Amino acid sequence: MKSESPFSKLPSLSELLQHPTVQGVVERVNQTTIAQRATGFLEELQSNWVEPGSLPSVSELAERLAHRLLGRSEHCAPTVNATGMVCSDRWHAPLAENAVRELLRFTSDYQQPNAELMTRVAASLAKLSGAESAWVASSFAAAASVTAQCDDATVEMSPLMGLCDPADFGYEHVDTISERISAGADLVVVDGSGLLGGPRCGIVIGKQKLIAQLHQSELGPALAADAMVLASLEATLQIYRTPDRLPHDVPVLQLLTTPLENLEQRCQRIAPLLAACDIVAAAEPVAVESAWLDASDRTLVSKSWAIALQSASGEVEQLIDRFEAASPEVVGRLQDDRWYLDFRAIFPRWDQHLVTVAEAAN
C-alpha cells in the first residue's frame, strides 16, 4: 500500500488565506499582488522544507504566507537574530500579531489626535501593574528626560523589565513592574519593547500625582507617544488579560518558552545542511549557555542550543561577512574562532534562510 505523503496534511492555499494572521494583509494588499505572491507558496514549501516529517504548524504557515504577501521592503529588512539575546538594548523586539494587525488597520486611514487612547492605555497599564496611573512617552529616553524633573520622587529605570517574571518560565527572577511599585518606587520607567513585548516607547507607571505632573509639564505633551504607538501598545496589553496566551502570542515570551528539546532538534536538522555548503568546513550542534537578556545594568544567562560554524577558508571573518551581507542579514556571535548561530532567538520561519544563505556561496 502506498504511504501517504506528509505534505497531504497541509492546509490549502485558500484555507491559509482565511487565517486571521493572513486576513489583515489580504485586506490591505492589491488582489493582483496577492495572486502573484501567493502562487507557488505551498509548492516551494514542499521542495525546500528540510524535514518533511516535521511540518510547520498552521499558525507558522500563516505567518510565513503573511510575510510573503507583504513582500520585501525596498528600504529596510529585518534581522535574523542568532545571538541568543532575546531581550537587549540593541534590538527592537518583534510585535505580537494582533498588534501588527491593529497597526495595519490604524494606519490605513486618517487619524485625529485621540486623548482617549492614552487614557485607555494608561488605565490598562495601571490595572495590570497595580499602580495608580501611567503615561507613555515616545521613547525610553524621552520618559527618562521627563521623569528627571520629578524632584524628591523615587524613580526606578529598568528598560527591559515587564509585567511578568521570567522565573515563571524557568529563568532567573527579574523584578516585575508590580514588584517595584509594591516595594515603594514612586515611578517605574521601562521600555515597551523589553520583556513587555510591545512597541518601542517609554512607559512610566506610578503615583497619580506624579503622572499628572508629567502631563502638565512643559516637555510632557511634546514627548508623549503618538496614536500609532499607543494603538500597538493597547493591542499588546490586551493579551495580558489572558495570561495563558502570553507564551503563544507575545513573540519575546514565545522565544523564551521554546523547549530546549525543540532547539536541539532544529540544530540537529539544520547542521548537516550547513555542513554540506562549500563555505562551511564544519557545522556542529552544541549545547551552550548564552545571554538571553543583555541590559546596561544586568546580563542573564541560560541554556540554549546553537550551531558552531567553522569556515572552509580558515578565515571565520569570511563566513561572518557572508551571513551579515545576506538579506535579511544573519547576526550571530564569535567565540573560540567559530561563529555561533544560537537558536534561542531565531524564529522557525528563518531556519531555511540560514541554509539558503550558506548555499549561495557555492
Side-chain angles (χ1 to χ4, degrees), residues 6-7 9-10 21 45-46 48-64 80-88 91 93-94 96-97 162 164-174 195 197 239 243-276 280 282-294 299-310 330-333 335-336 338-358:
F7 293 114
K9 299 178 181 179
L10 291 174
T21 298
L45 174 78
Q46 294 181 37
N48 294 329
W49 192 251
V50 294
E51 187 180 356
S54 178
L55 292 174
S57 66
V58 173
S59 295
E60 185 180 340
L61 285 172
E63 184 181 13
R64 290 185 180 206
V80 178
N81 176 11
T83 65
M85 290 185 292
V86 177
C87 290
S88 172
W91 301 111
E97 283 297 325
C164 61
D165 184 359
D168 295 338
F169 310 119
Y171 291 84
E172 188 173 338
H173 170 72
V174 175
L195 273 169
I239 304 172
D244 291 346
R245 296 302 309 167
L246 288 176
H248 306 284
D249 294 345
V250 177
V252 165
L253 301 181
Q254 179 186 12
L255 291 170
L256 289 177
T257 56
T258 300
L260 278 172
E261 294 78 6
N262 178 286
L263 302 182
E264 179 183 6
Q265 290 170 5
R266 288 166 59 196
C267 288
Q268 296 286 357
R269 188 172 69 236
I270 299 297
L273 300 174
L274 291 173
V280 178
E284 180 187 2
V286 288
V288 296
E289 288 196 353
S290 56
W292 66 269
L293 184 146
D294 181 39
T299 298
L300 299 181
V301 175
S302 68
K303 295 180 179 179
S304 183
W305 273 84
I307 297 177
L309 298 176
Q310 290 180 278
V330 180
V331 179
R333 67 173 187 270
Q335 182 178 332
D336 302 327
R338 294 194 293 179
W339 200 53
Y340 283 71
L341 302 175
D342 193 317
F343 276 61
R344 172 56 67 191
I346 301 177
F347 290 102
R349 64 175 176 269
W350 294 120
D351 286 5
Q352 183 60 42
H353 178 67
L354 302 177
V355 180
T356 301
V357 171

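Starting from 1, each residue takes its place in the sequence as its number. Please read these numbers as outputs of a predicted model, since none were measured by experiment.
Contact detail for Val301 and Trp292: the closest heavy-atom pair is C-CD1, 3.9 Å. Shown here for His248 and Asp244, the closest heavy-atom pair between the two residues is CD2-O, 3.4 Å. Residues Cys267 and Ile307 come closest through the heavy atom pair O-CD1, 3.7 Å. Contact between Arg333 and Glu289 at its shortest, heavy atoms only, is NH2-O, 4.5 Å.
In this structure, the side chain of Asp342 engages the main chain of Arg344 through a donor-acceptor pair within 3.5 Å.
Note that the CD atom of Glu261 and the CZ atom of Arg266 stand 13.5 Å from one another [nearest 0.5 Å]. The CG atom of Leu255 lies 10.5 Å from the OG atom of Ser304; values are rounded to the nearest 0.5 Å.
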### Query
When you look at Val86 and Leu293, which way does the side-chain contact (heavy atoms from CB on, under 4.5 Å) test go after all the steps?
CA-CA 6 Å; Val86 177; Leu293 184 146; over 6 Å; no
### Message
For Leu300 and Tyr171: C-alpha separation, side-chain torsions, deciding distance, then whether side-chain contact (heavy atoms from CB on, under 4.5 Å) applies.
### Response
CA-CA 9 Å; Leu300 299 181; Tyr171 291 84; over 6 Å; no
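In this structure, the side chains of Asp351 and Phe343 come closer than 4.5 Å at one or more pairs of heavy atoms. Two residues are said to be in side-chain contact when any heavy atoms from C-beta on lie closer than 4.5 Å; Leu246 and Ile239 meet this criterion. No side-chain heavy atom of Val80 sits less than 4.5 Å from a side-chain heavy atom of Val357. Using a 4.5 Å cut-off on side-chain heavy atoms (C-beta onward), Phe347 and Gln254 make contact.
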